[in-house]
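Below is one structure; the comments refer to it alone.
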Amino acid sequence: MISIENISREYRSKEGQVRALSHINLHVAEGDFISLIGPSGCGKSTLINMIAGFIQPTEGTIRLNGKPIRKPGPDRGVVFQENSLFPWMTVEENMKLALRNSRKAVDYYLDIVGLKGFHKAYPHELSGGMKQKVSIARTLALSPDVILMDEPFSSLDEQTRIQLDYELKEIWEREKKTIIFVTHSIEEAIYLSTKVVLMTKRPGRIQREWELDRGKRWN
Ligand code: ADP
Ligand code: ADP
């Protein structure tokens with residue numbers, strides 16, 4: 001589904017050129033739940049942002065269903081760490097902004113994340129975990145081919161994170177999604193993933209990949 005072919009990425013900074021990623025190759029199959037782990041600065045966000053199409057590789061190609069990725073598109077949904085909801089809009093308005101369609105989809109996806117009946121709530125009325133659930137519902141409602149999640153639960157307390165990990169896993173299985181997930185936690189990666197990708201820094205490379213036999217993989 002996604003093939004990352006010999007990707008490198010450099011940034012220009014005050015210290016000169018920084019090589020954030022060097023010759024990355026990775027294959028993502030439909031139905032995979034891939035976790036990217038590794039120390040701060042190893043290029044996890046850079047990789048996610050390139051798959052999203054927010055930034056371009058300096059070298060190499062990323063293909064989605066055979067086509068090179070050049071810009072953001074509705075075939076890729078992104079869930080950020082936090083603060084992705086507009087505070088002056090209700091849950092429903094936040095979702096419709098992305099959707100441009102029916103109330104039914106809003107209801108359906110709010111139900112999936114366990115927030116049925118929260119349409120009229122404003123973000124400040126929700127807990128951190130609930131806000132992330134709305135972000136997930138909004139992304140699911142777009143029906144992207146792949147969902148990219150950059151440390152989506154790392155600003156939540158431990159209890160809430162464990163709860164959301166559990167719920168995300170259920171959603172992944174039930175909705176048959178392909179997910180690429182960035183985390184600092186090896187525990188979280190092992191719990192959620194079909195494949196764990198360990199990265200190292202200076203420059204960012206893939207050190208090792210582990211395939212985990214979930215037994216529950218949907219395809
Ligand atoms: P991670 O998500 O694993 O923490 P990042 O992708 O954020 O890693 O960063 C990888 C490397 O690229 C780091 O050395 C970081 O300082 C550098 N970097 C990231 N974004 C920029 C930028 N916009 N300008 C300059 N350097 C950057
Ligand atoms: P936080 O620690 O972020 O304030 P809470 O303790 O309020 O979170 O909630 C813990 C978990 O229960 C989170 O997954 C949150 O999204 C969920 N949750 C809290 N209240 C509700 C609710 N009324 N309906 C559905 N889920 C809820």
Within a strict 4.5 Å, meaning less than it, do heavy atoms of the [X] and [Y] side chains meet?
{"X": "Val18", "Y": "Ser13", "value": "yes"}
{"X": "Thr46", "Y": "Ile55", "value": "yes"}
{"X": "His119", "Y": "Val106", "value": "yes"}
{"X": "Met1", "Y": "Asn65", "value": "yes"}
{"X": "Val134", "Y": "Val113", "value": "no"}
{"X": "Lys176", "Y": "Glu30", "value": "no"}
{"X": "Ile179", "Y": "Val146", "value": "no"}
{"X": "Val197", "Y": "Ile37", "value": "no"}

Would you find a donor on one side and an acceptor on the other, under 3.5 Å apart, between the side chain of [X] and the backbone of [Y]?
{"X": "Ser193", "Y": "Ala189", "value": "yes"}
{"X": "Asn94", "Y": "Met89", "value": "yes"}
{"X": "Lys44", "Y": "Pro39", "value": "yes"}
{"X": "Asn6", "Y": "Gly60", "value": "no"}
{"X": "Arg76", "Y": "Ile51", "value": "yes"}
{"X": "Arg205", "Y": "Leu21", "value": "no"}
{"X": "Gln132", "Y": "Pro152", "value": "yes"}
{"X": "Ser127", "Y": "Met130", "value": "yes"}
{"X": "Lys201", "Y": "Ser40", "value": "yes"}
{"X": "Asn49", "Y": "Ser45", "value": "yes"}

Atom [atom1] of [X] and atom [atom2] of [Y]: how far apart are they, to the nearest 0.5 Å?
{"X": "Lys116", "Y": "Tyr108", "atom1": "NZ", "atom2": "OH", "answer": "11.5 Å"}
{"X": "Leu198", "Y": "Leu36", "atom1": "CG", "atom2": "CG", "answer": "10.0 Å"}
{"X": "Leu64", "Y": "Asp145", "atom1": "CG", "atom2": "CG", "answer": "5.5 Å"}
{"X": "Leu26", "Y": "Ile4", "atom1": "CG", "atom2": "CD1", "answer": "4.5 Å"}
{"X": "Phe54", "Y": "Ile69", "atom1": "CZ", "atom2": "CD1", "answer": "11.0 Å"}
{"X": "Glu173", "Y": "Leu168", "atom1": "CD", "atom2": "CG", "answer": "10.0 Å"}

Point to revise | Aromatic ring pairing His124/Tyr122, orientation class (parallel under 30°, perpendicular over 60°, tilted between) | key: parallel
Check your understanding: Going through the checks in order, is the side chain to side chain donor-acceptor pair (under 3.5 Å) test met by Ser84 and Ser135?
Key -> CA-CA 7 Å; Ser84 67; Ser135 299; 2.9 Å; yes
Point to revise | Salt-bridge contact Arg161-Glu158 (side-chain N to carboxylate O under 4.0 Å) | key: yes
Review point. Is the shortest side-chain N to carboxylate O distance from Glu82 to Lys131 below 4.0 Å?
Key: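 Salt bridge absent between Glu82 and Lys131.
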Considering non-hydrogen atoms only, spot the tightest contact between [X] and [Y] and give its length.
{"X": "Met95", "Y": "Ala141", "result": "CE-CB, 4.4 Å"}
{"X": "Gly31", "Y": "Trp172", "result": "O-CZ2, 3.1 Å"}
{"X": "Arg19", "Y": "Ser22", "result": "NH1-OG, 3.1 Å"}

Review point. Quick one: does NZ or CZ of Lys169 land under 6.0 Å from the six-membered ring centre of Tyr191, within 45 degrees of the ring axis?
Key: yes
Exercise answer: donor-acceptor pairs, residues 180-187 side-chain atoms, under 3.5 Å, sequence neighbours excluded:
residue : atom : partner : partner atom : Å
Thr183  : OG1  : Ser185  : N            : 2.9
Thr183  : OG1  : Glu188  : OE1          : 2.6
His184  : ND1  : Glu151  : OE1          : 3.1
His184  : ND1  : Glu151  : OE2          : 3.4
Ser185  : OG   : Glu187  : N            : 3.4
Ser185  : OG   : Glu188  : N            : 2.9

Atom [atom1] of [X] with >12 non-hydrogen neighbours under 6.0 angstrom:
{"X": "Gln159", "atom1": "CD", "result": "no"}
{"X": "Arg12", "atom1": "CZ", "result": "no"}
{"X": "Tyr11", "atom1": "OH", "result": "yes"}

Check your understanding: Under the side chain to side chain contact (heavy atoms under 4.5 Å, CB included) criterion, do Met149 and Ile136 qualify, and how do the steps go?
Key -> CA-CA 9 Å; Met149 307 183 89; Ile136 293 169; 3.8 Å; yes
Exercise for review: Before giving the answer on side chain to side chain contact (heavy atoms under 4.5 Å, CB included), spell out for Lys133 and Glu167 the whole-Å C-alpha distance, their side-chain angles and the decisive distance to 0.1 Å.
Suggested key: CA-CA 9 Å; Lys133 288 186 189 187; Glu167 293 180 29; 3.0 Å; yes
Whether the [X] and [Y] side chains hold a donor-acceptor pair (N or O, under 3.5 Å, no angle test) is what I'd like checked.
{"X": "Asp157", "Y": "Thr160", "result": "yes"}
{"X": "Glu5", "Y": "Ser3", "result": "yes"}
{"X": "Asp32", "Y": "Thr194", "result": "yes"}

